[in-house]
Colleague: 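Provided herewith is a single structure, encoded as structure tokens, for subsequent inquiry.
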Protein chains: 2
Amino acid sequence: MRDDDDIQGRDGETATAAGEAEALYGVSDELVRRVADALDEGDAPTARMLVAELHAADIADLLERLSGEERRALVELQRDGFDPEILPHLGGNVRDQVIAQLGPRALAEALSELDSDDAIYLIEDLDDDIQAALLAAVPPATRRALEESLAYPEYSAGRLMQRDLIAMPAFWTVGRAIDFLRETPDLPEEFYEIFVVDPRHKPIGSVPLARMLRHPRKVLLRDIMDRDVDAIAAATDQEEVARLFRHYSLASAPVVDDQGRLIGVITFDDVVDVIQEEAEEDMALMAGVGSEVDVNAGLVSVVRQRIAWLGVNLGTALMVSSVISLFEATIEQIVALAVLMPIVASMGGNAGTQTLTVAVRALALKELTPSNAMRILTREVGVGTINGLVFGIAVGAVAAVIFDPFIGGVLFCALLANLVTAGLAGMLIPLALDRLKVDPAVSAGVFLTAVTDVVGFFAFLGLAQLVLL
Amino acid sequence: MRDDDDIQGRDGETATAAGEAEALYGVSDELVRRVADALDEGDAPTARMLVAELHAADIADLLERLSGEERRALVELQRDGFDPEILPHLGGNVRDQVIAQLGPRALAEALSELDSDDAIYLIEDLDDDIQAALLAAVPPATRRALEESLAYPEYSAGRLMQRDLIAMPAFWTVGRAIDFLRETPDLPEEFYEIFVVDPRHKPIGSVPLARMLRHPRKVLLRDIMDRDVDAIAAATDQEEVARLFRHYSLASAPVVDDQGRLIGVITFDDVVDVIQEEAEEDMALMAGVGSEVDVNAGLVSVVRQRIAWLGVNLGTALMVSSVISLFEATIEQIVALAVLMPIVASMGGNAGTQTLTVAVRALALKELTPSNAMRILTREVGVGTINGLVFGIAVGAVAAVIFDPFIGGVLFCALLANLVTAGLAGMLIPLALDRLKVDPAVSAGVFLTAVTDVVGFFAFLGLAQLVLL
């Protein structure tokens with residue numbers, strides 16, 4: 001539970017008139033309202049004044065929360081001094097609108113001002129012809145850097161990295177390093193370690209800034225550097241990069257090309273975004289809402305995202321219907337079966353989803369490996385058996401009393417069989433998909449529901465036919 | 001798709017004999033096997049040699065992948081020089097086993113060696129009496145620090161923070177600051193900025209190390225410090241802290257007490273864990289597998305976690321059964337209804353889960369606010385209407401051909417009604433729960449399924465009764 005009173009405002013702002021403290025970050029509802037009112041009334045000076053001191057991330061937040069019309073008005077107001085840092089903070093849908101409104105020339109200017117990783121992030125999803133037009137409009141040095149990064153696969157370290165970095169030879173002293181940092185203009189604004197490279201520009205060590213600051217000027221970098229450098233190949237998948245950072249709690253890591261030469265640096269903030277996105281992606285994929293949860297997406301793109309998944313589920317539902325139709329005669333004679341059959345299917349589906357969720361996350365985090373898969377499969381079957389016995393006995397007993405002891409017995413057997421199946425299928429389906437190099441988050445749920453529904457209805461209605469008729 | 005050939009090994013190790021490159025981090029299956037073999041054969045020197053050079057995080061990884069017996073043997077081998085840094089890297093279940101094996105004295109020693117945030121992480125979940133016994137066994141200074149941190153609520157900034165930090169007055173020069181860092185022993189090993197405090201020890205600014213290194217010795221900290229300090233109250237929820245870090249891409253941030261005095265620092269690596277955990281938590285809660293996905297959890301704790309959720313779902317299933325039982329007479333006459341009714345319920349449930357997933361994530365990320373809720377609700381109802389028309393027409397037409405045009409018409413109406421309901425309920429249920437301060441990830445799914453199942457069966461069977469009998 002969050003207690004707003006515990007939160008101290010940015011800039012130490014004191015509580016507002018309403019007695020509520022400012023939120024820890026972002027823009028308040030109050031500020032959104034005031035900016036919206038100023039824009040609605042065409043009061044440009046007030047609107048400009050209200051956003052003047054905001055951090056780029058907060059202006060992005062504000063733009064996302066205004067209506068389409070207000071957003072356009074605010075971007076128009078800021079057109080001649082539009083801070084390019086705002087763009088990477090915007091969600092996909094709003095970003096596209098703002099980019100379209102700013103036009104290619106303003107965007108080209110923004111690209112040459114941004115860090116290379118942010119610039120890539122902005123243009124990598126654009127259509128090829130728009131991207132080409134933009135690249136033609138930026139200065140040659142920027143263009144070359146962007147084209148090199150774009151040559152790496154999507155979601156790779158090469159796309160994530162920032163090309164400006166600080167590298168020094170191992171024979172430099174701390175003093176010389178500090179003098180270099182003081183005297184060289186145009187260094188990146190934020191960095192957390194100095195990379196030490198050999199004459200072929202291969203990273204051989206790194207010196208965290210804190211360590212650099214704590215050693216006397218005459219000490220050699222070679223003598224204080226960390227030697228176990230986690231050099232990341234540019235083609236490495238970003239998910240792998242995120243796991244590396246998380247595993248060793250890294251602030252930054254060097255990226256190298258095919259020849260092992262240092263070409264860029266990835267910092268923790270890039271990785272934080274990847275971790276958030278990847279965790280969300282699994283959740284979104286499992287629920288069938290595409291690969292990204294964008295709450296502000298438009299109607300058409302949302303329908304497009306979701307209709308495919310619903311179509312696939314319809315296939316499963318039709319399969320289930322055809323299983324039931326095999327037993328029409330039985331249901332006609334014992335209509336209680338129609339009343340009880342959804343219980344078997346729904347318990348199996350829920351239990352299976354529990355197992356599936358654990359398996360999908362464990363696979364994504366590389367925690368499910370050949371060495372523990374058998375152990376966990378056995379556990380899941382055990383869990384299915386116990387839950388099957390518990391719920392089978394409870395529900396079977398109730399059905400025996402309300403309907404008939406034979407129906408109770410059939411319900412017990414069907415529930416037990418379906419919950420054991422759920423445990424088995426919830427593990428084996430994602431493992432098999434992973435082996436086939438298919439992302440289990442995308443497709444495991446459909447297969448699983450198909451299995452638990454079909455087994456559930458078939459076991460219940462089939463047993464009923466055998467025992468009761 | 002990951003390509004192992006693209007990954008360069010830690011320490012630049014070259015490809016193994018099998019032609020596969022070493023993974024970017026962690027221990028290879030090969031190493032796990034070799035250590036396991038050595039332990040199984042009681043070959044202590046080989047086992048010790050194999051783990052000697054490993055990073056603490058990798059030893060933790062290794063321990064998690066060994067069998068219970070091998071794990072105990074490896075811990076026993078390392079008893080005399082057990083690196084306490086290994087403990088925070090272990091997953092809950094394995095950590096408990098290792099802690100139990102090491103015993104209270106070894107654990108007390110570990111606590112005084114670890115950073116305060118790691119020490120808190122290890123002891124916060126222990127039983128009260130074990131915790132008290134441990135606190136009694138650590139040196140007084142460590143005990144006082146741990147007790148102060150434990151006084152803050154669980155999942156708060158106070159628990160997350162590290163108490164060792166570097167603070168300086170604003171009138172110090174860069175030169176004096178560097179001299180202080182060089183001459184003071186016992187500073188934290190990793191830090192990314194220097195906090196500037198006023199005489200009452202309130203943070204008034206911060207100087208990133210990169211900036212400190214780039215200015216001449218005579219410059220005052222006051223003149224280069226960032227003044228918009230995001231001071232975090234110690235009671236702030238960790239999820240709020242994670243959003244702050246992500247929003248402004250922070251490397252570290254100061255934590256203050258009730259009086260606004262600097263008492264600790266939170267760094268990006270703590271936050272990376274929180275982001276991962278919180279994203280996973282929502283996914284785990286929605287699937288009803290507790291609040292944490294621990295793939296190595298034991299059978300009993302897994303059954304305990306899941307049975308409650310299955311029980312709740314059984315409640316929904318029984319409610320659905322009682323709805324169906326209202327229409328027993330109708331089903332007896334038109335058994336096709338029993339065949340078709342799962343289609344309506346399952347399409348509604350899937351569509352509702354899509355909307356729900358978007359709403360839950362957007363609420364967790366504070367992207368769903370009063371200012372856009374109405375707009376998004378309208379969109380979801382629109383999506384439900386379009387999908388309802390599409391699937392209603394398709395499935396209704398098929399049913400009209402196979403069974404009877406009236407059944408087709410009823411199916412169309414019921415599908416449309418249920419998909420619109422799914423869009424409405426998928427948004428309104430999480431919004432209502434959030435308003436009531438209940439985590440929508442935990443409970444929204446149950447309510448949603450209850451609504452879409454009941455509406456689905458009721459609409460389909462009720463309409464059928466009206467139209468067809």
Side-chain angles (χ1 to χ4, degrees), chain A residues 2 6-8 11 24-25 57 65 181-182 191 209-210 213-214 228 231 233 235-237 240 244 246-247 249 268-269 272 275-276 279 283 287 289 293 295 299 302-303 306 313 317 320-321 324-325 328 331-332 335 338-339 342-343 346 350 353-354 357-358 361-362 367 371 379 382-383 386, chain B residues 2 6-8 11 24-25 57 65 181 191 209-210 213-214 228 231 233 235-237 240 244 246-247 249 268-269 272 275-276 279 283 287-289 293 295 299 302-303 306 313 317 320-321 324-325 328 331-332 335 338-339 342-343 346 350 353-354 357-358 361-362 367 371 379 382-383 386:
Chain A
R2 192 153 310 105
D6 291 327
I7 297 167
Q8 168 153 337
D11 296 12
L24 195 51
Y25 75 93
R65 287 164 66 184
L181 294 174
R182 285 192 182 138
F191 52 98
L209 297 190
L213 277 164
R214 300 204 54 210
D228 49 349
T236 307
D237 187 271
E240 193 74 11
L244 171 77
R246 192 165 173 234
H247 191 73
S249 297
F268 70 89
D269 51 320
V272 165
I275 289 176
Q276 177 91 39
M283 190 168 164
V289 291
V293 177
V295 75
L299 178 71
V302 170
V303 169
R306 300 203 195 157
N313 275 290
V320 168
S321 287
I324 300 174
S325 72
E328 273 189 60
I331 294 172
E332 212 158 2
V335 78
V339 173
I343 297 178
S346 116
N350 281 308
T353 304
Q354 291 181 327
T357 303
V358 172
R361 278 315 286 165
E367 289 173 358
S371 53
R379 184 195 67 196
V383 171
I386 295 174
Chain B
R2 192 157 310 104
D6 292 327
I7 297 165
Q8 168 153 338
D11 297 12
L24 198 50
Y25 74 92
R65 287 164 66 184
L181 294 175
F191 52 98
L209 297 190
L213 276 164
R214 300 204 54 206
D228 49 349
T236 307
D237 187 271
E240 192 73 13
L244 170 77
R246 197 171 167 230
H247 191 74
S249 298
F268 70 89
D269 51 321
V272 164
I275 288 176
Q276 177 91 40
M283 191 168 164
V289 291
V293 177
V295 74
L299 179 72
V302 171
V303 169
R306 300 204 194 155
N313 274 291
V320 167
S321 287
I324 299 174
S325 71
E328 274 189 60
I331 294 171
E332 214 157 2
V335 78
V339 173
I343 297 178
S346 116
N350 281 310
T353 304
Q354 291 181 327
T357 303
V358 172
R361 279 316 288 165
E367 288 174 358
S371 53
R379 184 196 66 195
V383 171
I386 294 173

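Numbered from 1 within each chain, the chains take letters A, B, ... in sequence-line order.
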Colleague: Hey, is the main chain of A/Leu181 close enough, under 3.5 Å, to the side chain of B/Arg214 for a donor-acceptor pair?
Modeller: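 Yes, the answer is positive, given that a donor and an acceptor are paired below the 3.5 Å cut-off.
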Colleague: Ignoring hydrogens, what is the shortest heavy-atom contact between A/Ile275 and B/Gln276? Give both atom names and the distance.
Modeller: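 What the structure gives for the nearest pair is CG2-OE1, 3.4 Å.
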Colleague: Select one option (side chain, backbone, both, neither) describing which atoms of A/Ser249 are under 4.5 Å from chain B's heavy atoms.
Modeller: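 For A/Ser249, backbone and side chain are both near chain B.
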Colleague: Considering only heavy atoms and a distance below 4.5 Å, find which of B/Val335, B/Val302, B/Val320 pairs most often with chain A.
Modeller: B/Val335
Colleague: Taking every heavy-atom pair that is under 4.5 Å apart, which of B/Gly382, B/Ser346, B/Ala210, B/Ala317 has the most such pairs with chain A?
Modeller: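 It is B/Ala210.
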Colleague: With B/Arg65, which residues qualify under side-chain hydrogen bond (donor to acceptor under 3.5 Å, both in side chains), at least two apart?
Modeller: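 B/Arg65 satisfies side-chain hydrogen bond (donor to acceptor under 3.5 Å, both in side chains) with B/Asp29 once adjacent residues are dropped.
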Colleague: If we define contacts as heavy-atom pairs under 4.5 Å, which of A/Ile331, A/Val339, A/Asp269, A/Ile324 has the most with chain B?
Modeller: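 Winner by heavy-atom pair count: A/Val339.
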Colleague: How long is the straight-line distance from CZ of B/Arg306 back to OG1 of A/Thr353, given to the nearest 0.5 Å?
Modeller: 10.5 Å
Colleague: I'd like to verify something: which residue of B/Leu299, B/Ile343, B/Val303 has the highest number of heavy-atom pairs under 4.5 Å with chain A?
Modeller: B/Leu299
Colleague: Report which part of B/Leu213 has an atom under 4.5 Å of a heavy atom belonging to chain A: side chain, backbone, both, or neither.
Modeller: both
Colleague: Let's go through A/Met283 and B/Arg361 carefully: what are the C-alpha distance in whole Å and the side-chain angles of both, what is the deciding distance for side chain to side chain contact (heavy atoms under 4.5 Å, CB included) to 0.1 Å, and is it a yes or a no?
Modeller: CA-CA 9 Å; A/Met283 190 168 164; B/Arg361 279 316 288 165; 3.6 Å; yes
Colleague: By a 4.5 Å heavy-atom criterion (distance strictly below it), what part of B/Ser325 contacts chain A: side chain, backbone, both, or neither?
Modeller: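 For B/Ser325, the contact with chain A is made by backbone and side chain together.
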